[in-house]
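Below: the structure, in structure tokens.
When a residue number appears, it is its place in the shown sequence, counting from 1.
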Amino acid sequence: MTDPRMRNNLGGSSSPYLRQHADNPVHWQQWGEEAMDWARERDVPILLSIGYSACHWCHVMAHESFENDEIAAVMNENFVCVKVDREERPDIDAVYMNATVAMTGQGGWPMTCFLTPDGSPFYCGTYYPPAPRGGMPSFTQLLEAIADTFTNRRDEVDNAAQSIVTELQRASGGIPYGGAPVDAELLDAAGRSILGDEDIPRGGFGGAPKFPPSALLEGLLRQFERTGSGEILGGIERTAEAMARGGIYDQLGGGFSRYSVDAEWVVPHFEKMLYDNALLLRFYAHWARRTGSDLATRVTEETARFLLSDLLTENGCFASALDADTDGIEGLTYVWTPAQLVEVLGAEDGHWAADLFRVTDTGTFEEGASVLQLLRDPDDWSRWQRVSDALRAVRAGRLQPGRDDKVVTAWNGLTVTALTEAGLALDRPDWIAASAECAGALLDLHLVDGHLRRASLGGTVGAPTAVLEDYAALATGLLALYQATGSPRWLDAAQLLLDVTLDHFADPAEPGSWFDTADFAESLVTRPRDPLDGATPSGASSVAEALLTAAALTDADRSSRYAQAAADALARATLPLERAPRSAGHWLAVAEASLRGPIQVAVVGEGSLLADARRLAPGGAVVVGGAPDSSPLLADRPLVDGGEAAYICRGFVCDRPVTTVVELASQLNTTSHTAM
């Protein structure tokens, strides 16, 4: 009888990425003890392949190798082959990415790792071609060499695996506690260091490829609100405008691509990720609220529209991504030639649009096509709207990129925060309503027996447990909703998540240090812990934000616990802020909020002061409104002369209540305060 494991077992996966490989001739298994047991029984290594659905080179390697019957036969004969979606299992990805970087000096996806049957890595790499190329062996040559080494030089394999695991465990310690205090001097120095890496003529930081520095921009904007520095604001605006006018931004459909392959933001890697657009929506809404920028306002509106039209799922949550490829071709949906513009718009409008969108005869992309840019505002906005509508309609009739419908808790939490804050900034209650629908669906589906799950698909929650960023990002979103709506449901749920986080993710031996996996989660060869911010805020900086905010909103007992945990976390952020501030953008944002208290604004009574407070308060401030004594922050805050009043505090220091917007603005911009 044929072993049922000798077949591809990805068809029932909750991951669209894994399902994309369900028809491969490779006998792919899902990660778990069953796969490891099979490797032990056969005494063969595990071939671990990690990728994600919007990854271009993941698709290339799949087409070249995993769909190839001859290569698949070599894989099946010599290995237990395991596929992992890095977005569904960031814990597995983190462990083996660290191993890959340690062995090769670089990482990326697709990631290809060879493990002993107990999961210890002994050889790692990324993409391998089907035939020798550019100094790389063919994938088949590599497979045969690994299989031979495992069979005939087993001692070397075991020794290598042991030394790699030992190094991974050594490197997984937390950042030291203490160092310089988290004060204005430290944060100002971090801001100067970040701006020192700015590409001033072209915007952004460093060279190509350029990724949207979402968290850095939010942190710098909060620093500008504190300092009023024109230098800081200039750096923010140069980068934000360059991105919004470049090809990385979809000038017709809204939303940002993953990154630009060049230093000028012209040609994107066309995948659109939920997390990028959530983080950028939050920043652009904040920029619009703070400066009134027309560009920021337009980008906020268009990005929110993109999320709600292109990524919204049937249950009110948001899908993970749109693929980089359309029918296997990058950019097919998005790029244009001058002739195509004329065909759609006619000669006069077609030439006008080509000039406006920088569509040239030679092209800015491939085969004479161009990515649309908008380097200046149109001279006729009504004409621009008519032209854009026509091009958008034609583009909708083209083949469209695939969508990864997986609902990831953390990324949806980021979206809840962004839509809520953007809704308050631009007076869009419909965005806040969409945010609440998403949050409710996440709590109903992803919260199982008091613990979060990482992801769901089609209304069915997956088995993988949530990681630290999931708990933290969702808690932050719930706290934003609570401030916007006053509904205790959101505060109660946020407190539950934070209590689980403190009990199961905090390192009891190192206050302020956090593991990325819970103590009840699956044990891997090492327990991952990475406090640095990357494409998304780290779990550690995210939980610091949630704790800092919650401490101002909850009852006294919880408040004290949350505040101390936030302070401990920030005490470990000093080294990244000193030595690697570009990898600590979200830490900068949280630290800026902490430095100001965070500012707490409690508005009692009915009137316009609450809206004024939301408009004027800096990023990271806590703003609530309602009747006196209706929530912890409104306790013992009475009306003033029977009318509305705003109470402003920073930490344990409060100002006198104010009743006019002029007084409110004055207090929010005051740098010295007197205890009451």
Side-chain angles (χ1 to χ4, degrees), residues 1-13 15 17-51 61-62 64-86 88-89 91-93 95-96 99-100 103 110-126 128 130 137-165 168 463-464 522-526:
M1 182 175 172
T2 303
D3 191 322
R5 293 170 293 190
M6 293 179 63
R7 60 179 176 83
N8 189 309
N9 286 293
L10 301 184
S13 171
S15 161
Y17 171 66
L18 266 57
R19 290 188 178 190
Q20 289 173 0
H21 293 270
D23 295 328
N24 293 168
V26 179
H27 296 160
W28 289 118
Q29 308 296 303
Q30 297 189 55
W31 176 272
E33 280 300 321
E34 289 186 7
M36 292 184 177
D37 288 342
W38 195 26
R40 294 186 188 101
E41 290 173 21
R42 293 176 56 194
D43 195 28
V44 297
I46 293 169
L47 190 166
L48 174 64
S49 176
I50 302 179
M61 189 169 179
E64 292 176 339
S65 296
F66 305 151
E67 296 172 10
N68 182 298
D69 289 328
E70 293 180 1
I71 295 176
V74 177
M75 296 171 67
N76 294 333
E77 180 180 354
N78 295 286
F79 304 91
V80 169
C81 302
V82 176
K83 252 297 174 192
V84 166
D85 181 346
R86 66 171 293 262
E88 189 175 53
R89 292 301 303 266
D91 51 339
I92 297 172
D93 179 67
V95 168
Y96 295 105
T100 301
M103 283 187 234
M111 189 182 351
T112 308
C113 297
F114 297 91
L115 323 177
T116 63
D118 68 354
S120 300
F122 63 89
Y123 191 91
C124 295
T126 53
Y128 292 97
S138 73
F139 191 41
T140 301
Q141 289 173 327
L142 176 70
L143 294 173
E144 291 172 344
I146 293 291
D148 178 73
T149 301
F150 189 84
T151 300
N152 298 312
R153 296 155 58 190
R154 188 65 171 271
D155 288 346
E156 294 179 28
V157 169
D158 290 339
N159 289 337
Q162 182 177 354
S163 65
I164 292 166
V165 170
L168 291 176
E522 175 188 1
S523 295
L524 304 173
V525 293
T526 187

My understanding is that only residues two or more places apart in sequence, or in another chain, count here; which of them pass side chain to side chain donor-acceptor pair (under 3.5 Å) with [X]?
| X | answer |
| --- | --- |
| D148 | N152 |
| W31 | E522 |
| T112 | none |
| R154 | D43 |

Notebook entry, point to check: What pairs of residues pass the salt bridge (Lys or Arg N to Asp or Glu O under 4.0 Å) test when at least one of them lies in residues 24-36, not counting sequence neighbours?
Noted result: E33-R40
Note to self: I'd like to check the side chain to side chain contact (heavy atoms under 4.5 Å, CB included) partners of A22; sequence neighbours left out, ordered by chain and number.
What the structure shows: N8, L10
Next item on the list: Just jot down the ring pair (Phe, Tyr, Trp, His ring centres under 6.0 Å) partners of F122, sequence neighbours excluded, or say none.
Entry: none
Check: Excluding sequence neighbours, so at least two apart, what forms ring pair (Phe, Tyr, Trp, His ring centres under 6.0 Å) with F139?
Finding: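 Residues passing ring pair (Phe, Tyr, Trp, His ring centres under 6.0 Å) with F139: none at all.
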Donor-acceptor pairs under 3.5 Å, side chain of residues 69-77 to any protein atom, not counting sequence neighbours: which ones?
residue, atom, partner, partner atom, Å
N76, OD1, H27, N, 2.8
N76, ND2, P25, O, 3.1
N76, ND2, A72, O, 3.2

Please enumerate all residues that pass salt bridge (charged side-chain N to carboxylate O under 4.0 Å, His left out) together with [X], with sequence neighbours excluded.
| X | answer |
| --- | --- |
| E144 | none |
| E64 | R133 |
| R42 | none |

Check: So, R19 side chain and S13 main chain: donor-acceptor pair closer than 3.5 Å or not?
Finding: yes
